[in-house]
Amino acid sequence: IMARRKAYEILKECLLKGSYANLLLRKGLDDLKDTDRYFVTELVNGVIRNFDLLCFQYEGLYQKAPKKEIQILLAMLAYEKFFLGHEDYVLGSVYLMLAKKGQGDFIMAMLKKLGQKLRYSSKEEINFSMPKWLYDLFRAQYPDSYKDLLANFLKRPMVFYRLNHLKCQKSDLKDVTFLNEDTFIAPKSLINTKEFKKGYFYVQDYNSALIYKYLDLKDGDHLLDMCSAPGTKLFNCLDQKLKLKVVANDLHKTRIDLVKKGACHLGFEGLEYLCLDATKIGDLYLSSFDKILLDAPCSGLGTLKRKSDLKYHLKGEDLDDLVKIQSALLDSAAKALKSAGRLVYSTCTLNRKENEKQIAQFLKRHKDFELLEEKLLMTREDADFFYVALLYKV
């Protein structure tokens with residue numbers, strides 16, 4: 001009951017108050033044993049991932065829609081029944097205890113009326129548990145593959161680890177599976193291992209760890225990471241055993257402190273840290289850098305497997321605001337880059353206005369730039385999806 005109560009509190013924070021599940025799960029499970037932590041994480045993420053479909057299971061079973069906090073409780077119950085296969089008699093006793101005074105009879109009545117098989121709606125957006133405006137966006141921008149995309153967001157993501165070549169070699173690690181020269185997976189969490197605590201590797205998505213390669217770093221390069229936090233893409237660059245002059249920037253001190261902490265833990269030294277509005281960097285550091293990484297703030301629509309609650313926090317106007325910020329950041333990067341330099345623009349979204357269309361507009365404004373390559377990194381279904389554009393300054 002304690003684990004379910006914890007899951008219920010986290011879900012209410014996310015779905016009623018707009019908090020982020022991954023942050024609450026990271027901070028709020030210390031008082032639970034490992035099996036309960038796993039269960040809470042599964043229940044919270046599963047309910048958020050499938051919330052609309054879970055609520056649909058009760059459609060037509062009541063005369064008046066219950067309050068949102070009761071809907072959350074009912075969604076938890078439905079997830080356990082249909083996705084985890086827990087028996088009705090177990091759920092009945094547990095959820096009766098979870099319910100507040102006066103709610104128990106209603107919860108029990110709903111459980112008795114629930115069918116034995118998951119029901120599906122005639123509305124696709126409900127079956128994919130996707131807000132209508134986002135469903136419409138994916139359908140418009142990816143007419144041939146939107147169903148596959150939306151189905152993918154309902155899957156559990158994989159945890160990937162990225163090797164720190166400065167401290168560790170592949171042969172130093174046992175019982176892991178390497179997917180390429182950098183990234184590996186493991187059958188259980190490695191977060192509490194002595195190797196992780198020594199900085200031999202760190203958590204980073206498979207596709208995220210591919211982006212640094214587009215910079216094609218060489219000895220002597222002056223590199224700027226414009227929007228650095230949390231720093232993982234920069235760390236990919238730092239363990240290549242190259243002589244680099246590196247500047248890491250982020251707008252907020254707390255975020256640049258996070259990069260510093262990560263770099264120190266992993267053994268990376270000699271970086272210069274800035275805490276500036278990156279749209280001003282181009283004027284302050286005119287033609288200063290050989291390579292620039294602009295991992296831009298974005299809507300995050302490529303990470304909906306891992307951050308399912310994002311779909312309930314975002315609004316359409318947020319995307320328009322982000323497009324303006326990204327455009328200003330790109331213009332600033334263009335000024336800061338030397339001639340014959342490389343600018344790598346990346347996002348973790350699938351919104352074409354933030355990706356392909358953003359770069360097309362940039363190239364119209366900056367005739368001294370060429371697009372060498374652009375790509376959606378989405379080959380692994382268990383990873384997040386990223387967009388990357390490689391730009392060259394003539």
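These figures come from a predicted structure and were not determined experimentally.
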Leu371 and Leu390: CA distance, side-chain angles, deciding distance, side-chain contact (heavy atoms from CB on, under 4.5 Å) verdict: CA-CA 6 Å; Leu371 177 63; Leu390 171 57; 5.7 Å; no
Give me each pair satisfying salt bridge (Lys or Arg N to Asp or Glu O under 4.0 Å) with a member in [range], each pair once, sequence neighbours excluded.
{"range": "residues 77-95", "result": "Arg4-Glu80, Lys81-Asp88"}
{"range": "residues 140-149", "result": "Glu124-Lys147"}
{"range": "residues 61-79", "result": "Glu69-Lys100"}
{"range": "residues 190-207", "result": "Asp205-Arg306"}

Within this structure, what is the [atom1]-[atom2] distance for the pair [X] and [Y], rounded to the nearest 0.5 Å?
{"X": "Cys168", "Y": "Leu163", "atom1": "SG", "atom2": "CG", "answer": "5.0 Å"}
{"X": "Tyr345", "Y": "Leu391", "atom1": "OH", "atom2": "CG", "answer": "10.0 Å"}
{"X": "His86", "Y": "Leu77", "atom1": "NE2", "atom2": "CG", "answer": "11.5 Å"}
{"X": "Thr232", "Y": "Gln204", "atom1": "OG1", "atom2": "CD", "answer": "4.0 Å"}
{"X": "Leu54", "Y": "Phe82", "atom1": "CG", "atom2": "CZ", "answer": "9.0 Å"}
{"X": "Leu223", "Y": "Leu242", "atom1": "CG", "atom2": "CG", "answer": "10.5 Å"}

Given the ring of [Y], does [X] sit roughly above its face, with NZ or CZ under 6.0 Å from the centre of the six-membered ring and within 45° of the axis?
{"X": "Arg352", "Y": "Tyr142", "value": "yes"}
{"X": "Lys305", "Y": "Phe153", "value": "no"}
{"X": "Arg162", "Y": "Tyr202", "value": "no"}

Basic-acidic side-chain contact under 4.0 Å: Asp277, Lys280: yes
If you measure only the distance, is there a donor-acceptor pair under 3.5 Å linking the side chains of [X] and [Y]?
{"X": "Thr349", "Y": "Ser299", "answer": "yes"}
{"X": "Glu374", "Y": "Tyr387", "answer": "yes"}
{"X": "Ser208", "Y": "Asp384", "answer": "no"}
{"X": "Asn22", "Y": "Lys307", "answer": "no"}
{"X": "Glu42", "Y": "Tyr79", "answer": "yes"}
{"X": "Ser327", "Y": "Arg365", "answer": "yes"}
{"X": "Tyr212", "Y": "Asp239", "answer": "no"}

Step-by-step side-chain contact (heavy atoms from CB on, under 4.5 Å) determination, Val344 to Ile292: CA-CA 6 Å; Val344 172; Ile292 295 179; over 6 Å; no
Other residues, nucleotides, ligands: >12 heavy atoms within 6.0 Å of [X] [atom1]:
{"X": "Asp31", "atom1": "CG", "value": "yes"}
{"X": "Lys33", "atom1": "NZ", "value": "no"}
{"X": "Asp219", "atom1": "CG", "value": "yes"}
{"X": "Lys261", "atom1": "NZ", "value": "no"}
{"X": "Tyr200", "atom1": "OH", "value": "no"}

Do side-chain atoms of [X] reach the backbone of [Y] as a donor and acceptor pair under 3.5 angstrom?
{"X": "Asp221", "Y": "Leu217", "result": "no"}
{"X": "Gln57", "Y": "Arg119", "result": "yes"}
{"X": "Lys113", "Y": "Leu61", "result": "yes"}
{"X": "Lys291", "Y": "Leu215", "result": "yes"}
{"X": "Ser129", "Y": "Leu53", "result": "yes"}
{"X": "Lys218", "Y": "Lys243", "result": "no"}
{"X": "Tyr58", "Y": "Leu74", "result": "yes"}
{"X": "Lys335", "Y": "Leu286", "result": "no"}
{"X": "His222", "Y": "Ser288", "result": "yes"}
{"X": "Asn127", "Y": "Ser121", "result": "yes"}

Salt bridge (Lys or Arg N to Asp or Glu O under 4.0 Å) partners of Lys253, counting only residues at least two apart: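 By the salt bridge (Lys or Arg N to Asp or Glu O under 4.0 Å) rule, Lys253 matches Asp257.
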Chi angles and distances behind the side-chain contact (heavy atoms from CB on, under 4.5 Å) call for Asn351, Asn355: CA-CA 6 Å; Asn351 178 23; Asn355 295 343; 5.7 Å; no
Run the ring-centre check on [X] versus [Y] and record whether the distance is less than 6.0 Å.
{"X": "Tyr392", "Y": "Phe369", "answer": "no"}
{"X": "His313", "Y": "Tyr20", "answer": "yes"}
{"X": "Phe184", "Y": "Phe201", "answer": "yes"}

Trace of the side-chain contact (heavy atoms from CB on, under 4.5 Å) decision for Asp331 with Thr279: CA-CA 8 Å; Asp331 289 345; Thr279 63; over 6 Å; no
With clusters defined by side-chain heavy atoms of hydrophobic residues (ILVMFWY) lying less than 4.5 Å apart, directly or transitively, does [Y] cluster with [X]?
{"X": "Leu43", "Y": "Leu96", "result": "yes"}
{"X": "Leu16", "Y": "Leu24", "result": "yes"}
{"X": "Met97", "Y": "Tyr95", "result": "yes"}
{"X": "Val388", "Y": "Leu330", "result": "no"}
{"X": "Ile359", "Y": "Leu322", "result": "no"}

Residues Lys12, Glu9; criterion salt bridge (Lys or Arg N to Asp or Glu O under 4.0 Å); working and verdict: CA-CA 5 Å; Lys12 284 192 291 184; Glu9 294 306 315; 3.4 Å; yes
Working for side-chain hydrogen bond (donor to acceptor under 3.5 Å, both in side chains), residues Ser228 and Asp250: CA-CA 6 Å; Ser228 190; Asp250 211 277; 5.8 Å; no
Under the ring-ring contact (aromatic ring centres under 6.0 Å, His included) test, residues paired with Phe106 that sit two or more places apart: none
Test applied, side chain to side chain donor-acceptor pair (under 3.5 Å); reference residue, Gln326; option that passes from Gln361, Gln358, Lys353: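 When side chain to side chain donor-acceptor pair (under 3.5 Å) is applied between Gln326 and each of Gln361, Gln358, Lys353, only Gln358 qualifies.
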Steps toward salt bridge (Lys or Arg N to Asp or Glu O under 4.0 Å) verdict (Lys315, Asp318): CA-CA 5 Å; Lys315 298 179 179 64; Asp318 296 337; 5.4 Å; no
